[in-house]
Amino acid sequence: MTFDIVTIFPAMVEAALQAGVVGRAIERGIIDVAVHDLREFTTDRHRSVDDVPYGGGPGMVMKPEPIFKALDRVAERRGTPLTVLLTSPQGTRLTQAVAGRLSTKEHLVLLCGRYEGVDERVRSRVDEDVSIGDYVLSGGELPALVVVDAVARFVPGVVGDDQSVAEDSFSRGLLDFPHYTRPAEIAGERVPDVLMSGNHAEIRRWRKRQSLTRTLARRPELLETASLDDEERRILAELQEGKHGRS
Ligand code: 4GX
């Protein structure tokens, strides 16, 4: 899968792409990510990417010409079809399901908005707006990186252990269970005995109960759409009756 990111802060985006799971996937050639400096597609002496809004008002608007030129370059280099995403607070909220849908595309282009946004005529080249959440950021670079990370994890081979993708709590619609590593005791807090018991059936049930307890307490709406197995449905019923609720 290939990603093209169009930004006025290429160094910021490139630095983040070198770290962790995504950085390794790029190194191994499992995904290809190219970062394009929007200023390279300007033609004026000041390399302007923004201009004052028609109609007046505060702030600046991203000029359409450099964006059109950048998208033309990407299309010509990669060949069609490209799916162009604009990171914006007006967009489709990014969820695990949306990331999964986007991962079925061969090629994503992420346009990082800055200032008050882009000239409306850029819309003719945008397939979908994507928002990472209801808060105001200074630009679309962090959202673009979030989209690449969440989408890339669906690409086979990006996450080393396929099992951990399948068992990822959010892909099942539940919150994660608590994790522990050594030492067995720190600051007077011990690792729960069940995790040291070697009883794998017990451990599995305990983790399910923990996931369900947390989801019920913190994100009960997730339970409406979660895919639960028989055992999880039984545990949930118990929890909702108020039994064993504090385990
Ligand atoms: N999830 N921002 C984009 C400028 C902008 C505005 C409108 C395009 C259209 C954000 C978010 C976010 C702030 C990034 C405004 N670009 N993007 N920027 N939350 O808040 O995605």
Side-chain angles (χ1 to χ4, degrees), residues 1-17 19-22 31 33-42 44 46-75 82-105 107-155 170 219 221-222:
M1 178 166 191
T2 65
F3 299 85
D4 284 274
I5 305 178
V6 178
T7 171
I8 62 168
F9 293 120
M12 168 187 179
V13 172
E14 270 159 10
L17 289 170
V21 166
V22 169
I31 57 170
V33 188
V35 181
H36 307 273
D37 183 353
L38 189 60
R39 286 194 202 280
E40 309 258 299
F41 302 94
T42 58
D44 66 310
H46 296 104
R47 311 224 294 166
S48 316
V49 292
D50 60 330
D51 204 343
V52 295
Y54 273 118
M60 299 293 274
V61 175
M62 290 181 89
K63 291 166 63 61
E65 303 97 311
I67 295 176
F68 285 153
K69 287 208 179 83
L71 292 176
D72 288 343
R73 169 74 60 83
V74 169
L82 19 149
T83 302
V84 179
L85 305 180
L86 176 65
T87 54
S88 114
Q90 280 86 49
T92 311
R93 176 73 66 81
L94 184 68
T95 60
Q96 190 66 7
V98 169
R101 168 169 66 77
L102 294 174
S103 75
T104 67
K105 311 283 186 188
H107 180 191
L108 291 181
V109 183
L110 289 128
L111 205 49
C112 304
R114 282 262 155 187
Y115 316 109
E116 304 305 312
V118 300
D119 184 288
E120 192 62 21
R121 292 163 295 183
V122 167
R123 296 234 152 265
S124 62
R125 304 283 296 267
V126 171
D127 294 284
E128 189 170 353
D129 283 32
V130 177
S131 166
I132 63 162
D134 293 339
Y135 35 78
V136 182
L137 298 169
S138 317
E141 284 74 13
L142 292 171
L145 288 164
V146 168
V147 171
V148 170
D149 193 297
V151 171
R153 294 176 60 82
F154 279 95
V155 176
F170 248 113
R219 299 289 304 280
E221 79 282 6
L222 293 179

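Note that ligands are numbered from 1 as they come in the structure, with each ligand's atoms numbered from 1 the same way.
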Show which side-chain atoms of residues 127-152 pair as donor or acceptor with protein atoms under 3.5 Å away, not counting sequence neighbours.
residue, atom, partner, partner atom, Å
Asp127, OD2, Val84, N, 2.7
Glu128, OE1, Arg101, NH1, 3.1
Glu128, OE2, Thr92, OG1, 3.1
Glu128, OE2, Arg101, NH2, 2.8
Asp129, OD1, Arg123, NH1, 2.9
Asp129, OD2, Ser88, OG, 3.1
Asp129, OD2, Arg123, NH2, 3.1
Ser131, OG, Gly133, N, 3.1
Ser131, OG, Gly133, O, 3.3
Asp134, OD1, Arg93, NH2, 3.3
Asp134, OD2, Arg93, NH2, 2.7
Tyr135, OH, Ile132, O, 3.1
Glu141, OE1, Arg114, NE, 2.9
Glu141, OE1, Arg114, NH2, 2.9
Glu141, OE2, Thr7, OG1, 2.7

Check side chain to side chain donor-acceptor pair (under 3.5 Å) between Thr2 and all other residues, then give those that pass, not counting sequence neighbours.
none

Using a 4.0 angstrom limit on heavy atoms, which residues are close to ligand 1?
Thr87, Ser88, Pro89, Gln90, Gly113, Arg114, Tyr115, Glu116, Gly117, Val130, Ser131, Ile132, Gly133, Tyr135, Val136, Leu137, Gly139, Gly140, Pro143

Is Asp37 salt-bridged to Arg39, going by a charged N under 4.0 Å from an acidic O?
no

Between Asp4 and Arg73, is there a side-chain N and carboxylate O pair less than 4.0 Å apart?
no

Lys105, NZ: over 12 other non-hydrogen atoms inside 6.0 angstrom
no

When the side chains of residues 49-63 are checked against the rest of the protein, which donor-acceptor pairs come out under 3.5 Å, sequence neighbours left out?
none

